[in-house]
**Q** 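Dropping the structure in here first, questions after.
Residue numbers start from 1 in every chain, and the chains themselves are labelled A, B, ... in the order their sequence lines are given, proteins ahead of strands. Side-chain atoms are counted along with the backbone in the values below, which use heavy atoms only and exclude waters and symmetry mates.
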There are 2 protein chains.
Amino acid sequence: MNKKRHSLKDIARELNVSVTTVSFVLNGKGKEKKISDEVIKKIQDYTRKINYRPNLVAQSLRTGKTKILVFMVEDISNYFFSKIARIIEDIAYKEDYKVLFCSNENNDDRSRELINLFYERQVDGFIIIPSPGIKDSIQMLINNNIPVVLFDRYFDDLDTNYVVIDNENSTHHGTQHLLSRGYRNIGFITIDVDQIQMKGRLDGYLNAITENKLKSYVLKIPYSETGSKNGKKQIQQFLQKNPDLDAVFFSTNYLTQIGLEVLREDHPRKLQEMGIITFDDNDLFKIYSPSISAVAQPLKKIGKELMKIMMEMLQTDKGIKSTRHVVLDTKLIPRDSSLPKEEKLMHS
Amino acid sequence: MNKKRHSLKDIARELNVSVTTVSFVLNGKGKEKKISDEVIKKIQDYTRKINYRPNLVAQSLRTGKTKILVFMVEDISNYFFSKIARIIEDIAYKEDYKVLFCSNENNDDRSRELINLFYERQVDGFIIIPSPGIKDSIQMLINNNIPVVLFDRYFDDLDTNYVVIDNENSTHHGTQHLLSRGYRNIGFITIDVDQIQMKGRLDGYLNAITENKLKSYVLKIPYSETGSKNGKKQIQQFLQKNPDLDAVFFSTNYLTQIGLEVLREDHPRKLQEMGIITFDDNDLFKIYSPSISAVAQPLKKIGKELMKIMMEMLQTDKGIKSTRHVVLDTKLIPRDSSLPKEEKLMHS
DNA sequence: GTGAAAGCGCTAACAG
DNA sequence: CTGTTAGCGCTTTCAC
């Protein structure tokens with residue numbers, strides 16, 4: 001086996017042709033450039049024989065394109081993000097793009113660092129879930145004519161492409177669902193963060209509650225504490241302080257996980273009796289006992305829309321065309337955890 | 001805002017110094033090369049002002065290093081893989097490496113394609129869960145002196161670095177656990193694939209069963225069907241055909257998911273009464289009802305060991321030193337699903 | 001102390 | 001039809 005990589009020059013020398021000829025042939029421009037069949041064949045045979053692999057770094061330097069996209073989310077190991085990642089990956093590979101995944105932990109410094117890093121590395125485009133304070137970095141990318149699509153959330157005062165869901169409507173609908181099933185004291189457990197998607201989710205809940213002249217119960221947990229014991233404790237206290245709650249709405253899937261854990265340990269009875277809805281579905285919620293009703297985001301559609309916008313930008317050379325705003329609907333999947341209240345009480 | 005990227009040349013011209021000087025200063029070699037403080041300051045101030053970002057592609061072409069690692073798994077959206085991905089990512093970033101994640105679907109063609117792709121792109125190292133038939137591609141990387149670490153499985157007749165767990169021992173132990181809890185007819189549901197880790201898992205189970213002179217019940221499902229209705233159907237049939245089973249051992253987490261779904265839908269009673277163990281833990285198994293006993297892989301340790309070997313190879317220039325073989329222990333986490341058989345029957 | 005220049009491997013305009 | 005050549009942006013040797 002050959003230890004050294006072959007270069008165009010090596011091949012050219014070996015075959016007594018010029019680098020250009022080899023380059024043309026390998027790029028499929030042999031016919032177009034009217035290179036003789038004989039030479040074409042010679043080159044193809046030889047390169048196949050030595051298993052020639054072009055140096056894409058050199059190619060990138062020359063063309064200015066890396067064929068790499070960045071997909072930046074809060075945490076790639078989170079169900080929602082990793083599922084979308086997988087969809088994006090598949091579409092991208094079909095379009096001959098590779099995808100670099102990274103997690104920013106919803107942290108501005110880390111986000112900025114990552115964006116700079118990949119900017120230096122000349123990636124062709126960014127698909128980003130922005131952390132709260134990185135408007136400047138996003139702006140920088142846009143100024144430098146680099147395709148960016150945000151998703152899950154965006155900045156009100158920054159004109160970017162984005163793909164989001166109708167958060168407000170979704171939680172409004174979910175809350176209505178609980179109300180229609182007879183629940184009256186509905187708690188809302190969410191993340192304490194000043195981001196548009198979370199504000200939307202809270203608003204949807206609050207509106208539904210006020211429209212029905214009911215009392216709202218809101219618990220806000222700092223994002224940084226969702227991984228720690230502290231988050232769990234806050235939910236425990238919230239449930240204890242509000243014993244009259246007959247339903248809870250969790251605004252993200254990791255909160256649901258913590259919440260279920262608390263309910264299971266401290267209030268096994270409530271776990272069966274309370275109405276429960278989670279934002280973001282998970283395969284496992286379906287097979288939980290009780291199965292958990294969920295507001296499911298359209299993962300495939302989100303992935304597709306993101307890539308559609310991205311490919312469009314990538315293809316229209318540097319069109320500073322209008323930005324695309326896509327707002328998708330979610331789907332409420334009623335399961336056992338939000339069965340009518342009386343029914344639940346009967347069973348338990 | 002400036003539309004164009006700045007290059008070293010631009011800076012040099014602007015500041016009336018040479019490219020070399022700028023390069024030295026930016027690489028922190030100013031002092032070493034005895035460049036005057038004045039010039040150093042001038043360059044630093046200016047580059048900061050225009051927010052100069054070096055072109056890392058050019059740098060890579062020149063140095064031959066990309067500072068990118070590839071992490072290839074079956075499916076990045078799977079819990080086990082995405083958790084490890086996250087750990088690897090964190091370690092890598094600290095070492096100033098970026099990580100490209102990709103999913104090979106345990107498919108040889110896709111694996112080969114991906115490996116070639118990244119090889120062309122000059123990535124510095126590969127961490128791979130190999131699909132069954134890509135020994136040749138792995139060999140190619142090794143021949144070309146590219147650091148490779150396999151994990152989860154390896155090839156018996158290929159001398160590579162790898163990090164795996166003691167599969168045989170783990171399932172043996174798990175099966176023993178079920179036996180000690182009074183279960184006698186234990187089924188083993190696994191993937192039909194000729195790979196070392198799955199063979200180990202099956203062997204561990206079979207050995208435990210034979211040692212105790214019991215009957216084995218094995219269901220092998222093709223990997224390709226685990227995502228489809230077909231896989232579900234096979235489990236359904238398996239359970240129907242073997243009504244005397246009092247316990248099941250699932251050999252991977254996605255099989256467990258399907259299995260739980262089947263049990264929940266078709267045999268809610270069995271779900272409570274049967275002994276259940278899963279290979280690969282998941283946060284949600286802990287809060288399931290019943291909580292599911294699991295053979296947990298040491299995710300952090302796996303990630304750390306992988307990166308330790310990788311960094312070692314990356315640093316020792318081209319040392320063809322001996323290959324590293326790391327075999328880690330798993331941890332059996334007994335939960336409610338494997339409570340003593342009598343206890344379970346009493347409760348239900 | 002600083003600069004000129006070669007070269008990493010590739011593309012493509014231009015020349016013949 | 002094929003070859004020469006100028007870069008892409010950077011690092012680094014060698015020269016002054």
Side-chain angles (χ1 to χ4, degrees), chain A residues 2 4-44 46-47 50-68 119-124 144, chain B residues 2 4-44 46-47 50-67 117 119-124 144:
Chain A
N2 5 28
K4 209 183 156 304
R5 288 184 114 109
H6 306 270
S7 74
L8 277 192
K9 217 203 278 180
D10 296 338
I11 299 173
R13 194 184 323 109
E14 183 70 28
L15 261 37
N16 283 315
V17 294
S18 80
V19 194
T20 320
T21 311
V22 182
S23 173
F24 281 152
V25 171
L26 293 179
N27 288 328
K29 294 185 187 164
K31 284 267 167 277
E32 182 187 327
K33 298 290 178 181
K34 306 200 181 162
I35 292 173
S36 70
D37 288 353
E38 182 194 1
V39 174
I40 293 184
K41 186 159 185 325
K42 183 168 72 172
I43 293 175
Q44 283 176 339
Y46 182 69
T47 51
I50 62 168
N51 188 30
Y52 169 73
R53 311 248 121 230
N55 180 330
L56 295 191
V57 172
Q59 216 164 309
S60 290
L61 177 59
R62 185 58 234 241
T63 59
K65 296 288 159 218
T66 52
K67 290 278 185 178
I68 292 182
Y119 173 69
E120 293 168 16
R121 207 157 272 292
Q122 323 283 116
V123 301
D124 290 353
N144 283 283
Chain B
N2 7 25
K4 208 182 157 305
R5 287 184 116 109
H6 307 270
S7 74
L8 278 193
K9 216 203 278 178
D10 297 338
I11 298 173
R13 195 185 321 109
E14 183 70 26
L15 260 36
N16 282 315
V17 292
S18 80
V19 188
T20 321
T21 311
V22 182
S23 172
F24 282 152
V25 170
L26 292 179
N27 288 326
K29 293 185 185 162
K31 283 266 168 275
E32 183 187 325
K33 299 288 179 184
K34 306 200 182 163
I35 291 172
S36 68
D37 289 354
E38 183 195 359
V39 173
I40 292 184
K41 185 157 184 326
K42 184 168 72 173
I43 292 174
Q44 283 176 340
Y46 182 68
T47 51
I50 62 169
N51 187 31
Y52 169 72
R53 311 248 121 228
N55 180 329
L56 295 191
V57 172
Q59 217 164 307
S60 290
L61 178 59
R62 185 60 233 241
T63 60
K65 297 287 158 220
T66 52
K67 290 277 183 179
L117 208 86
Y119 172 68
E120 292 167 16
R121 206 158 273 290
Q122 324 283 113
V123 302
D124 289 354
N144 282 283

**Q** Rounding to a whole Å, what distance do you find between A/Leu26:CG and C/dA12:C1'?
**A**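 A/Leu26 atom CG is separated from C/dA12 atom C1' by 15 Å.
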**Q** Does D/dG9 have its OP1 or OP2 closer than 4.0 Å to a side-chain nitrogen or oxygen of B/Tyr52?
**A**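 Checking B/Tyr52 against D/dG9: no side-chain N or O falls below 4.0 Å of OP1 or OP2.
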**Q** List the protein contact pattern of nucleotides 1-8 of chain C with one symbol per nucleotide (5' to 3'): B for base contact, S for sugar-phosphate-only contact, - for none; contact means a heavy-atom distance under 4.0 Å.
**A** BBBBBBBB
**Q** Donor-acceptor pairs under 3.5 angstrom involving side-chain atoms of residues 19-34 of chain A: please list them, not counting sequence neighbours.
**A**
from: A/Thr21; atom 1: OG1; to: A/Ser18; atom 2: OG; distance (Å): 3.1
from: A/Asn27; atom 1: ND2; to: A/Ser23; atom 2: O; distance (Å): 3.2
from: A/Lys31; atom 1: NZ; to: A/Asp37; atom 2: OD1; distance (Å): 2.8

**Q** For B/Ser60, enumerate each residue passing the side chain to side chain donor-acceptor pair (under 3.5 Å) test, keeping only those at least two apart in sequence or located in another chain.
**A**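 None.
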**Q** According to a strict under-4.0 Å criterion, is B/Gln59 in side-chain N/O contact with OP1 or OP2 of D/dG9?
**A**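 No.
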**Q** With sequence neighbours left out, which residue pairs that include part of residues 12-26 of chain B fulfil the salt bridge (Lys or Arg N to Asp or Glu O under 4.0 Å) condition?
**A**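 Only B/Asp10-B/Arg13 qualify under salt bridge (Lys or Arg N to Asp or Glu O under 4.0 Å).
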**Q** A/Gln59: which residues meet the side chain to side chain donor-acceptor pair (under 3.5 Å) condition with it, sequence neighbours left out?
**A**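 For A/Gln59 there are no side chain to side chain donor-acceptor pair (under 3.5 Å) partners, ignoring immediate neighbours.
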**Q** Going by side chain to side chain donor-acceptor pair (under 3.5 Å), name the residues that satisfy it together with B/Asn55, two or more places apart in sequence or in a different chain.
**A**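 Residues passing side chain to side chain donor-acceptor pair (under 3.5 Å) with B/Asn55: none at all.
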**Q** Can you sort out the partners of A/Thr63 under side-chain contact (heavy atoms from CB on, under 4.5 Å), two or more places apart, ordered by chain and number?
**A** A/Lys65
**Q** Is any side-chain nitrogen or oxygen of A/Lys29 closer than 4.0 Å to OP1 or OP2 of C/dT11?
**A**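 Checking C/dT11 against A/Lys29, no side-chain N or O comes under 4.0 Å of OP1 or OP2.
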**Q** Once pairs are restricted to Watson-Crick or G-U wobble with both distances under 3.5 Å, how does DNA chain C read as a dot-bracket string, [ ] for crossings and | for other-strand pairs?
**A** ||||||||||||||||
**Q** Sequence neighbours left out, what passes side chain to side chain donor-acceptor pair (under 3.5 Å) with B/Lys41? Give chain and number order.
**A** B/Asp45
